[in-house]
Amino acid sequence: MVDVTFYGAVSRIGGNKTLIEDSDTKIFLDFGINYSKEDLFFEFPLLRPSCKEDLFKLNLLPIIPGLYQNQGYYPIYKDDGTFSVAGESEQKQINAIFLSHAHMDHYGYFGLLRHDIPLYMSDITKKLIELREDVGSKNWNSNLENSDIKEIEKNKNLQINDFNINRYDVDHSILGASGYIIHINNITIAYTGDFRFHGYRKDLTEDFLSNLKNQHIDILITEGTRVTDKMEQDESTISSKSLETEQDVYEKCHEIVSNEDKLIIYDASYADLDRVRTLWKIAKKTGRKLVLDSKKAFILLYLNVENQLVKDIPQLGDFLIYLNRHKFNKRGKIYNGLTNGHDVYVESFEYYRQNHEAQLTVKQQINSKLKKKSKTLEEYQKQFNNPYLFEIDESNFIWGPHGREKILRNPNEYIVYTPNGMQTMLQIKPANQPINGTYIYGKAEPFKEEMILSFKRLQNWLRACNFKLEYAHTSGHVNRKRMGEFLEEVRPSKLFPIHTEQPKVFFEVGYKKTQEIILPEYGKKYSFKSN
Ligand SMILES: [Zn+2]
């Protein structure tokens, strides 16, 4: 008997947590944050959960024994305010977690899991997660410092008791995405993760598909983000602005940039490095310099330092690194000395920079005239736990008013690629004059109320800065039509649609392509007999 239980991504996009078990083995496929469900109760930044128990209260996280860290311990308080901790550790009950890709809605709660549960993923996903630890802020739910992160090679078998697990590469809007095929005795279960057939790496998805076709799939668990009711799609919405393929994004952006003699701002997620490749090629072709935000730059610079994981991505010298405006601390003696006691807003290049920005400016940290005692590169490598840390010359950075003036003086020489267009406009715009140019929206279409509000705000910024608005984006997900063809080719016995807001549409899309379409319910156990 094999049981499948869905603890997330049920009639929603994201939050995937699928438990697969037989009598002596339990694994999870993904363990992500369900943003849309959390938004029903919480509001950033004033009303937030601060421990896993807060999520238990609202069914936002399943209560499963032997899965979470420190589960079984509890504090006992005395009236005088002191306390002690009692209880005992639970026994580990989950054998492993398999991750499809490094988006938070798939792995955002890994930080809550026991450190003795191995977390399997592709080598690229592992590296991206490690780099994200450096560029992100560590919250109570996202610290993976002591987690047991393991690589699983592609097309290799991993045996856990009766479970035989195979990982395959697929194409998605983040590098390193995976699909899985799992054999448990004579039952075969396949999981697509998030996938598409229209990116630069569509051959990976094709290869996964041919593996699915080569065997009988008893149970297919598939995403269905874009499997929506066509009638509900309004031509005037931004979703209709989405382009078909990554190549289309290249062509459209190339045309826009070629016809613009002022500044180009491209606004897109910082995690999608294939999109960076697209803009990098365009910058080369149009003779502009590509300016990247510091997070993206850091990830690109350190992605391949250990092993050559990804080919054909820009290297140091191919782009300039934009350092966000960073306030010089007013409390210090140094500030008072430099400003003669006048209270003015001053920006800092290297002084007080934190985390990945401190690493990027390590050369400037070492040579800082503001620091009393300087450290060596080796000391910084130890401090940041980064043995590959290297020095970057000043000429590679854009920082401070003079850096931004350089852009304003010759706007036709730059493409500014940012994950936060409004923040970038705020920093670049001078008082009393606009910036002028074209702003290209390269993000997923706003589908939530807050996103629509934020989009209206964006339009105000574009007016204030005199930017034309253009769109150039393609989805990370397979479209409805291709999903129909995919199901026709795989012909699974049973189909569970998850990671979709409209699972019912699969009754149309999957019609006659499978024996049974099961719309999963949250927390319900579906049992399958081995033949
Ligand atoms: Zn994703």
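Along the sequence shown, the residues carry numbers beginning at 1.
Sequence neighbours left out, the pairs with a member in residues 294-303 that pass salt bridge (Lys or Arg N to Asp or Glu O under 4.0 Å) are D293-K296. Under the salt bridge (Lys or Arg N to Asp or Glu O under 4.0 Å) criterion, no residue pair touches residues 420-438, with sequence neighbours excluded.
Looking only at side-chain heavy atoms (C-beta outward), Y302 and E130 stay at 4.5 Å or farther from each other. With a 4.5 Å cut-off on side-chain heavy atoms, N141 and L55 do not count as touching.
For the side-chain contact (heavy atoms from CB on, under 4.5 Å) with F31, the lone residue among L119, N16, L67, L99 that qualifies is L67.
Ring pair F98/Y120 is parallel by interplanar angle, where below 30° counts as parallel and above 60° as perpendicular. Relative orientation of the H402 and W399 rings is perpendicular, given thresholds of 30° and 60° on the angle between their planes. By the 30° and 60° cut-offs, the orientation of the rings of H172 relative to H101 is perpendicular. Aromatic ring pairs are classed by plane angle as parallel below 30°, tilted from 30° to 60° and perpendicular above 60°; the pair F28 and Y7 is tilted. Note: F496 and F6 have tilted aromatic rings, judged against thresholds of 30 and 60 degrees for the angle between ring planes.
Side-chain atoms of S122 come within 3.5 Å of backbone N or O of G176 as a donor-acceptor pair. A donor-acceptor contact shorter than 3.5 Å links the side chain of Y526 to the backbone of E521. A donor-acceptor pair is defined here as one N or O able to donate and one able to accept, closer than 3.5 Å; such a pair exists between the side chain of D80 and the backbone of T82. N386 places a side-chain N or O within 3.5 Å of a backbone atom of Y388 that can act as its donor or acceptor partner. For the pair K52 (side chain) and L61 (backbone), a donor-acceptor distance under 3.5 Å is absent.
Atom CZ of R325 is separated from atom OG of S348 by 13.5 Å, given to the nearest 0.5 angstrom.
Classification of E53 and K57 as a salt-bridged pair fails, no side-chain N sitting under 4.0 Å from a carboxylate O. Salt bridge annotation for E246-R277: absent, with no cationic side-chain nitrogen under 4.0 angstrom from a carboxylate oxygen.
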Determine, stepwise, if the pair Y414 / Y322 fulfils ring-ring contact (aromatic ring centres under 6.0 Å, His included). CA-CA 12 Å; Y414 299 92; Y322 184 86; over 10 Å; no
